[in-house]
Amino acid sequence: MIDNKFELGFFPTPIQSLKRLSEKYPGYNLFIKRDDNSGLASGGNKTRKLEYLIKQALDNGCDTIVTSGAQQSNHCRQTAAACSVAGLECNLLLGGDEPEKYQGNLLLSYFLGAKLHFSGESRKGELSQQLIKQVEKQGKKCYLIPYGGSNIVGAIGFVNAVKELKLQISENNLNFDYIFFASSSGGTQAGFMLGIEMFGIATELIPISIDKDETNGLRLEEVVLSVVNEGIQLFNIARKFEPEDIKLNREYDKPGYGVITDNEKFAITELATTEGILLDPVYTGRAFYGMLDYLKKGLIPKGSNVLFWHTGGLPSNFYYADKLK
């Protein structure tokens, strides 16, 4: 099942030691997993999910993809690219009104041939069924990818990512006590949890919440638990997960989705000037700041090996340029 995918990315993505940054935060050994180098239209973690979602769409005889997100959605940009590779029509439902000028991810989605539909206050797929009805009237067969690609099919991408990580750990004689990453739509976190259970990696996940808003009336913790429970049945996992098992740090999401603060700007500058690696201001910038805050406050034990999972998002820096400088 894990091997049944439509290949889109360059895997495994490398693990890089953050030597200079570790010197600035003494007592910690810091590493980064470079999913920003996954290869699909400037990279990102959504490539992993899309390998399974696109495969299912093709297996079901679909010729059109419908998905949704914010105008600067990394998921939408990578979905557009995946559709180009697979020869599928891509329809994107994007929050807000159509801007006069396309920038960042929105510009790339346009270049990649996606049909863009602007949906006002609805950016999480609330109008998907209406769009599907319109498209199917044109004789198309649609496959709906949920917001962020976050269902059990997409989550398999991160079950496979944990399998990849376990091999890298073994080959390089590494261990990671903690893994920090951005959690927004839930599929990445659910896949991580399932993969760790299946492949027996001794690590603690520290997901940093990016978006304080609910998705279709559900809190992120509820979305993650729902996907995890589907995965338990799919993979015949013995363990039962309860709501209290869904860990999510919400200390850094108070400003709201896509609101750039000094925290994100600090994190982007800190990593760029010490290691030459670029974050994005919405997801990885917020999550990386959360990790640095943990280190500064000593919230995890000294001597820990800490991995930050870089989920990509470079193009949105250009959209938010006026807020970053």
Checklist entry - What distance separates N29 CG from L21 CG, expressed to the nearest 0.5 Å? => result 11.5 Å

Next on the checklist: Checking the side chain of E275 only, and the main-chain atoms of K19 only, is there a donor and an acceptor separated by less than 3.5 Å?
Outcome noted: yes

Checklist entry - Are E89 and K115 within salt-bridge range, i.e. N to O under 4.0 Å? => result yes

Next on the checklist: For a quick test of reading the model, state the closest non-hydrogen atom pair linking F235 to V159 and the distance between them.
Outcome noted: CE1-CG2, 4.2 Å

Next on the checklist: Between F180 and I300, does the side-chain contact (heavy atoms from CB on, under 4.5 Å) criterion hold? Intermediate values first, please.
Outcome noted: CA-CA 12 Å; F180 285 81; I300 56 178; 4.2 Å; yes

Checklist entry - Minimum heavy-atom separation for S119 to L127, with atom names? => result CB-CD1, 3.9 Å

Checklist entry - Would you say the side-chain atoms of N172 pair up with the backbone N or O of L174, donor to acceptor, closer than 3.5 Å? => result no

Checklist entry - Would you say E121 has more than 12 foreign heavy atoms packed within less than 6.0 Å of its CD? => result no

Next on the checklist: How about CD on Q233, more than 12 heavy atoms from neighbouring residues, nucleotides or ligands closer than 6.0 Å, or not?
Outcome noted: no

Item to check | Presence of salt bridge, D3 and K55, under 4.0 angstrom | outcome: no

Checklist entry - How many angstroms lie between atom NE2 of H75 and atom OG of S184, to the nearest 0.5 angstrom? => result 11.0 Å

Checklist entry - When clusters are formed by joining ILVMFWY residues with side-chain heavy atoms under 4.5 Å apart, either directly or through shared neighbours, do L40 and F11 land in the same one? => result no

Checklist entry - Which is it for I277 and Q16 under the side-chain contact (heavy atoms from CB on, under 4.5 Å) test, yes or no, and what are the steps along the way? => result CA-CA 10 Å; I277 299 172; Q16 180 176 341; 3.6 Å; yes

Checklist entry - Cut-off 3.5 Å, side chains only: do R286 and T261 have a donor facing an acceptor? => result no

Checklist entry - Taking all atoms of both residues into account, what is the closest heavy-atom pair of T47 and S38, and its distance? => result OG1-OG, 3.3 Å

Next on the checklist: Between Y110 and Y102 (judged by ring centroids, cut-off 6.0 Å), do the two rings come close enough to count as a pair?
Outcome noted: yes

Checklist entry - Under the 3.5 angstrom rule, does the side chain of S209 hit a backbone N or O of N249 as a donor-acceptor pair? => result no

Checklist entry - Within a strict 4.5 Å, meaning less than it, do heavy atoms of the F6 and V85 side chains meet? => result yes

Checklist entry - Salt-bridged, K240 to D245, with N to O below 4.0 Å? => result no

Checklist entry - Do K33 and E164 meet the salt-bridge criterion of a basic N to acidic O distance under 4.0 Å? => result yes

Item to check | N151 CG to I156 CD1 distance, which is reported to the nearest 0.5 Å | outcome: 8.5 Å

Next on the checklist: A quick test of your reading: do over 12 heavy atoms of other residues, nucleotides or ligands sit less than 6.0 Å from CD of Q168?
Outcome noted: yes

Checklist outcome for this item: Output for pair (R77 CZ, F111 CZ), nearest 0.5 Å, gives 13.5 Å

Checklist entry - Would F192 and F158 count as a ring-ring contact (aromatic ring centres under 6.0 Å, His included) if you check the C-alpha gap in whole Å, the side-chain angles of each, and the deciding distance to 0.1 Å? => result CA-CA 6 Å; F192 269 140; F158 269 85; 5.1 Å; yes

Checklist outcome for this item: In short, ring pair (Phe, Tyr, Trp, His ring centres under 6.0 Å) pairs touching residues 29-61 with sequence neighbours left out are F31-F176

Checklist entry - Which atom names give the shortest non-hydrogen contact between A272 and L278, and what distance separates them? => result CB-CD2, 4.1 Å

Checklist entry - With distance as the sole test, does E204 use its side chain to make a donor-acceptor pair with the main-chain N or O of I179 at under 3.5 Å? => result no

Item to check | Side-chain donor/acceptor of H310 to backbone N/O of N45, under 3.5 Å | outcome: no

Item to check | Donor-acceptor pair, side chain of K254 and main chain of K212, under 3.5 angstrom | outcome: no

Checklist entry - Quick one: are L248 and V224 in side-chain contact, heavy atoms under 4.5 Å? => result no

Checklist entry - Taking a hydrophobic cluster as the set of Ile, Leu, Val, Met, Phe, Trp and Tyr residues connected by side-chain heavy atoms closer than 4.5 Å, whether directly or through intermediates, do Y147 and V153 fall within one such cluster? => result no

Next on the checklist: Determine whether a donor-acceptor pair (N or O, by modelled atom type, separation under 3.5 Å) exists between the side chain of S84 and the backbone of A80.
Outcome noted: yes

Checklist entry - Any chance the side chains of T13 and R48 put a donor and an acceptor closer than 3.5 Å? => result yes

Checklist entry - Is the CG atom of D97 crowded by more than 12 outside heavy atoms at less than 6.0 Å? => result no

Checklist entry - What are the two closest non-hydrogen atoms of C83 and I65, and how far apart are they? => result SG-CG1, 3.5 Å

Item to check | Spacing of I232 atom CD1 and L234 atom CG [to the nearest 0.5 Å] | outcome: 11.0 Å

Item to check | Donor-acceptor pair, side chain of D177 and main chain of N305, under 3.5 angstrom | outcome: yes

Item to check | Pairing of E270 and K24 as salt bridge, 4.0 angstrom limit | outcome: yes

Next on the checklist: Side chains of Y294 and Y289: any donor to acceptor distance under 3.5 Å?
Outcome noted: no

Next on the checklist: I'd like to know if the side chain of S226 reaches the main chain of V223, judged simply by a donor and an acceptor atom lying under 3.5 Å from each other, with no hydrogens or angles considered.
Outcome noted: no

Next on the checklist: Show, in sequence, the C-alpha distance, side-chain angles and deciding distance for T284 and F308, and conclude whether the side-chain contact (heavy atoms from CB on, under 4.5 Å) test is met.
Outcome noted: CA-CA 9 Å; T284 54; F308 182 79; 4.2 Å; yes

Checklist entry - Going only through I, L, V, M, F, W and Y residues with side-chain contacts under 4.5 Å, is there a path from L93 to L88? => result no

Checklist entry - Among side-chain atoms of D280 and N317, is any donor-acceptor pair under 3.5 angstrom? => result no

Next on the checklist: Using side-chain contact (heavy atoms from CB on, under 4.5 Å), reason through L165 and T203 one step at a time and then give a plain yes or no.
Outcome noted: CA-CA 11 Å; L165 178 64; T203 190; over 6 Å; no

Checklist entry - Within 45° of the six-membered ring axis of Y252 and under 6.0 Å from that ring's centre, is NZ or CZ of R250 located there? => result no

Checklist entry - Looking only at heavy atoms, what is the nearest atom pair of Y283 and A182, with distance? => result O-CB, 3.8 Å

Checklist entry - Say you draw a straight line from CG of L144 to CD1 of I132; how long is it, rounded to the nearest 0.5 Å? => result 4.5 Å

Checklist entry - Donor-acceptor pair, S170 side chain versus L167 backbone, under 3.5 Å? => result no

Checklist entry - Just checking, is any N or O donor in the side chain of T188 or K46 under 3.5 Å from an acceptor N or O on the other one? => result no

